[in-house]
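For this chain, numbers begin at 1 and follow the sequence in order.
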Amino acid sequence: MLSFRFPIPADHARSIPKSRRSSFTFRSNRIDSPSFPPISVPRFQKLLAATNDVVVAEEEGREVNVREEEQLPDGLRRELMPRHVAVIMDGNVRWAQKRGLQSHAGHEAGVQSLRQLVELCGKWGIKVLTVFAFSFDNWARPQVEVGFLMSLFERVIKSELPTFEREGIRVSVIGNLSRLPEQLQKLVVEVTESTKKNSVLHFIVAVSYSGQYDIVQACKNIAHKVKDGLVEPEDVDKSMIEQELQTNCTEYPYPDLLIRTSGELRVSNFMLWQMAYTELCFFSTLWPDFGRDDFIEALRSFQQRKRRYGGRNS
């Protein structure tokens with residue numbers, strides 16, 4: 001059974017192991033770890049109590065755990081952390097082929113990398129994680145592989161639903177879900193409904209998703225409203241289109257950071273509208289090999305960038 005629950009060492013001030021040689025495409029200089037003034041004993045005791053306590057709230061007959069955020073790795077600043085991270089998880093099949101394994105072994109290994117990433121996002125205060133699990137264009141892949149992926153999605157959701165609820169993870173699934181097996185569609189509704197009150201991390205899974213289709217369906221919805229006299233053509237603006245996109249399920253629909261693995265340097269029809277000003281990080285690492293050190297490298301690079309949104313810094 002998969003589990004997002006990892007043991008947390010009692011000593012949060014443990015030293016961070018040196019990263020292996022990064023395969024990050026655009027390497028940046030590391031940020032020196034900031035120094036902090038000593039903490040008084042009463043304040044330290046208060047912080048320690050807050051870290052150790054688990055707040056359990058009763059919400060519609062079920063318990064929801066509120067997890068304390070973990071100390072960040074050296075060189076990362078909490079106020080500069082991205083609110084929304086998007087990931088194109090690429091390279092599972094190539095990973096398996098390099099090892100003489102069947103493609104399904106690569107997909108299974110990729111789940112392990114995803115488990116760790118979800119855990120780290122929750123610990124480090126990232127609010128939204130969106131992963132590109134299956135493109136609408138992937139339906140053209142061999143039927144055996146597609147069938148295995150649908151089965152894998154179902155197995156992971158079933159096994160992890162209790163963990164999502166316990167760890168305060170809200171799950172949403174976006175994409176053209178009408179092509180999914182009926183049982184999987186029902187499971188998506190179940191996990192979405194049962195986790196909708198969770199607030200530690202919003203985990204969005206893009207399945208049968210197309211960025212172009214997302215924009216087209218938004219425009220169609222607005223066109224119907226214009227036809228029905230609910231909206232005037234001159235009132236159609238950026239905000240109205242954004243409200244019709246499938247990412248309207250989250251408070252932070254625009255990724256601050258996109259990570260893509262496997263050495264490919266493109267966005268592959270993923271969140272085309274939403275990523276207008278997203279910072280891009282590309283890794284040659286295949287997705288099953290993507291780990292904690294790689295994620296830290298991407299976050300450090302993000303925190304060193306100047307985000308001007310078309311303007312100039314004064």
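Counting only heavy atoms from C-beta outward, the side chains of E145 and P142 approach each other to under 4.5 Å. I88 has its side chain out of reach of T261: every pair of non-hydrogen atoms, C-beta onward, lies at least 4.5 Å apart. Side-chain contact between D235 and V226 is absent, with no heavy-atom pair separated by less than 4.5 Å.
Salt bridge annotation for R260-D294: absent, with no cationic side-chain nitrogen under 4.0 angstrom from a carboxylate oxygen. For the pair E108 and R155, the salt-bridge criterion is met [side-chain N within less than 4.0 Å of a carboxylate O]. Remark: K127 does not engage E251 in a salt bridge, criterion side-chain N to carboxylate O under 4.0 Å. A salt bridge links E264 to R94: one of the charged nitrogens lies within less than 4.0 Å of a carboxylate oxygen. A salt bridge does not link R141 with D137: none of the charged nitrogens is closer than 4.0 Å to a carboxylate oxygen. Ion pairing between E119 and R115 fails under the 4.0 Å rule for side-chain N and carboxylate O. The pair E244-K225 meets the salt-bridge criterion, since a charged nitrogen lies less than 4.0 angstrom from a carboxylate oxygen. A salt bridge between E190 and K186 is absent, with no side-chain N of the basic residue lying under 4.0 Å from a carboxylate O of the acidic one.
Remark: side-chain polar atoms of S284 are not paired, donor with acceptor, to backbone N or O of S262 under 3.5 angstrom. Between the side chain of N138 and the backbone N or O of S135 there is at least one donor-acceptor pair closer than 3.5 Å. The backbone N or O of Q243 sits less than 3.5 Å from a side-chain atom of N248, completing a donor-acceptor pair. For the pair S208 (side chain) and G175 (backbone), a donor-acceptor distance under 3.5 Å is absent.
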ring-ring contact (aromatic ring centres under 6.0 Å, His included) assessment of Y209 paired with F134: CA-CA 7 Å; Y209 178 84; F134 188 83; over 10 Å; no
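Ring orientation note: the planes of F290 and F283 are nearly perpendicular, at an angle over 60° on the 30°/60° scale.
For the pair R307 and F302, the NZ or CZ position fails the cation-pi test of under 6.0 Å to the six-membered ring centre and within 45 degrees of the ring normal.
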